[in-house]
Structure formats: C-alpha cells, structure tokens
2 protein chains.
Amino acid sequence: MLTIGKLGEAAGVKVPTIRYYEQIGLLPEAERSAGNQRLYSRKAQGRLAFIRHARDLGFTLEAIRDLLSLSDRPDQSCAAADAIAKAQLAEVESRIARLTALKAELERMVVQCAGGKIADCRVIEVLGDHSLCETNHRHPETEATH
Amino acid sequence: MLTIGKLGEAAGVKVPTIRYYEQIGLLPEAERSAGNQRLYSRKAQGRLAFIRHARDLGFTLEAIRDLLSLSDRPDQSCAAADAIAKAQLAEVESRIARLTALKAELERMVVQCAGGKIADCRVIEVLGDHSLCETNHRHPETEATH
DNA sequence: CTTGAAGCTATAGTTGCTAGAGACATTAGG
DNA sequence: CCTAATGTCTCTAGCAACTATAGCTTCAAG
C-alpha cells in the first residue's frame, strides 16, 4: 500500500491533484491508515495512471469519467469508447487548424514590424483593424489557458 | 454614443463580457446616461475591437493590457509590442507541436480499435498503459478549456 | 400608458487544478 | 524515548476568462 505522496510520485501527479480527483469522484475514496492517512493499492495506482495518461492526451475529466466507467465493464461494446476518442481527435484537429491560422497571422504581423515607433507599428495597427488580416481567425470556439 | 448592447453587437462581444472588461480595468469606466446606463464613444468602440481582435489571436488579457498601454504612447519604441507578439507566436507554435503529437497518438488509438468488446478495446488499453504509445506526449505545459 | 426588451448590480458557477493556513501523523537521528 | 523534520489532514480561497442567475430599473414602441 502506498501513501498519497508515493502514489503521486509514481504516477507523476501532484498530491493535491489526487485529493481533488477523489473529491470530484474520479477516484474512489481511499482506504485509511490508523492515523487517517490515505492508502492506495496497485489497482488504484493503475486507475490514476489511466487518468493521468488520458489528461496528457487532452481528454476532459468528464470524458475520462466516461472512459473509466466503460473500462469497468469489459464485456460491453467499445463503440462508446471509440466515439469519445474520435470526438477528442476531432477536437484536437480543429484546434490545430485554428492555431495554424493564428500562427500565420502572427507571423505576418511580426515580420512586417520594422522596429520603429509605436505609431508605425504593424503589430498595434493590425490589432486595431481586423480588415488588415488575411485569414479569418474569428470564432474562437475554444481557447487555451495557462 | 452607443448603448452597451449596440456596442457589443458592433464589436462581436457579449454584453456581460464588456462589463467584465470594465470591471478588471481593461476598458475605462463608461460614461453614463441620465438613467445610469453605459454610453460608449467611437473611441471606446475602437478599443474594444482591439481587445476582441487580440483575444481572437489568442493573446491573454494581461498581454492585451500591455499592448493597449503601448498603443496609448505612439512615440515610444515598438520593441515591447514586437516582443509580446513574438512570445505569442512562440506560444502558438509550441501548442501546435504538442497538439500534433496528441493527434498522432489519438489516430493510432482510433485506427487500431477493431470495434469489439471493451476488454479488447485498443483505446482503453492504450490509456491504461503509456508504454504502448509511440510519441512522448508528457508534460502538458498548457491545456485547453472549453 | 402599458408592455416587453434591454440595462443595472451583485453573486455564484465553470474547468482543472494550485496555494495557503493550521493541526495531526509518521519517521529518522541522537 | 524524545525531538525535529517531513508528510499528511481538512478547509478555504485563488487562477483565467468569462457565463449565468436573480431581482431590480430604465427605455422605446405601440
């Protein structure tokens, strides 16, 4: 049995994140030691690795919740799992498409900036006037956070 | 002078978003009508368009705050604006790189799924075992929200 | 003059965590 | 066996960038 710290280390997940996953019901409530500390089995470690891996692939926690409950029923059809993965793939593809358009526009801006005064700055000018753009980067649909 | 609704319509920004921008100091406090409703000048409209456009290009509100204050000082050097745009370009490029790796892995998963039972599902299997992956899609660095 | 749309403020919710406070548990060294 | 350092506990609040709700006031059209 692993303590939460060891588990986090093994799975590459921070300790508060594990507690958070338990809190939102993505991980089952852990067993506790005599002193009320969480203890994890190998099975729990596998489940956390699954979550971590799916997160790395960009699945939302909601999608992961569904995937986990599917993986708990091994004799059902995998159509649902397939659909979730395909949806994620489509999402990733559309993000790439959008980001590629942004990249083109940003490159244009940066290249055209001659490095003079703000008044002549192409960056500022283009931002102020969308009609100076070549591509249609309207409709965000999903943007990234840091 | 435009009401907040007209302004939002003109700039493609939702009304609560405009109030939010004012609240965080990205837009100056609007003038008010006799009945306490916000009124906007053409200048304000331009500023909002600038913000909207920069958001469309993926700049954070913090970066936009800086860009706006730069654009208010037209005789300064545009090096700072250039740097912000270049940083944004780098950010976009690294996101594209990461998403492209994810896309490859998701495609592999989806293609290999034969559509049988969960027990044989490649999607579930790969998620449970990172060593089945070809690419190294570790280290998220920044993931997207919806 | 009345009705319905649009505006106001204030608060809480979204996603996926992360950070902090203050208290208890465990472990290693002396 | 005692102490100090680390680990863990709960709880709350914060991050980005909005969005949604509630309960009110104001405005424009008929």
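The chains referred to below are lettered A, B, ... by the order of the sequence lines, with proteins before strands, and numbering in each begins at 1.
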Of the listed nucleotides ([options]), which one gets closest to any side-chain atom of [X]?
X       : options               : result
A:Arg55 : C:dG16, C:dT18, C:dC8 : C:dG16
B:Arg19 : C:dG7, C:dC17, C:dT18 : C:dG7
A:Thr17 : C:dG16, D:dT8, C:dT18 : C:dT18

Within this structure, what is the [atom1]-to-[atom2] distance between [X] and [N], rounded to whole angstrom?
X       : N      : atom1 : atom2 : answer
B:Ile64 : D:dA17 : CD1   : P     : 8 Å
B:Arg38 : D:dT26 : CZ    : P     : 15 Å
A:Met1  : D:dT8  : CE    : C1'   : 16 Å
B:Lys6  : D:dC27 : NZ    : P     : 15 Å
B:Ile18 : C:dG7  : CD1   : C1'   : 12 Å
A:Leu61 : C:dG16 : CG    : C1'   : 6 Å
A:Phe59 : C:dT15 : CZ    : C1'   : 17 Å
B:Glu62 : D:dC18 : CD    : C1'   : 15 Å

Close N or O pairs between protein and nucleotides 20-22 of chain C (under 3.5 Å):
none

- request: Check whether any side-chain nitrogen or oxygen of A:Thr3 sits under 4.0 Å from OP1 or OP2 of D:dG7, and answer yes or no.
  value: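 No, outside the criterion.
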message: So, does A:Lys14 get its side chain near the phosphate of C:dT18, meaning an N or O under 4.0 Å from OP1 or OP2?
response: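 For A:Lys14, the contact criterion (side-chain N or O under 4.0 Å from OP1 or OP2 of C:dT18) is met.
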task: Would you indicate whether A:Gln112, at its atom CD, is surrounded by more than 12 heavy atoms from other residues, nucleotides or ligands within a distance under 6.0 Å?
output: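 It does: A:Gln112 CD has more than 12 such atoms within range.
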query: Where along residues 20-37 of chain A does a heavy atom come under 4.0 Å from DNA chain D, residue by residue in number order?
result: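 By residue number: A:Arg32, A:Asn36, A:Gln37.
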Evaluate the side-chain proximity of [Y] to [X]: yes if any heavy-atom separation is below 4.5 Å, no if none is.
X       : Y        : result
A:Arg38 : A:Leu7   : no
A:Tyr40 : A:Ile18  : yes
B:Met1  : B:Ser41  : yes
B:Ile96 : A:Lys103 : yes
A:Glu29 : A:Glu22  : yes
B:Leu61 : B:Tyr20  : yes

- prompt: Taking only residues two or more places apart in sequence or in another chain, which ones pass salt bridge (Lys or Arg N to Asp or Glu O under 4.0 Å) with B:Asp75?
  reply: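 In terms of salt bridge (Lys or Arg N to Asp or Glu O under 4.0 Å), with neighbours along the sequence ignored, B:Asp75 is linked to no residue.
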field: Ion pair check, B:Asp72 and B:Arg47, cut-off under 4.0 Å
entry: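 Yes, charged N to carboxylate O under 4.0 Å.
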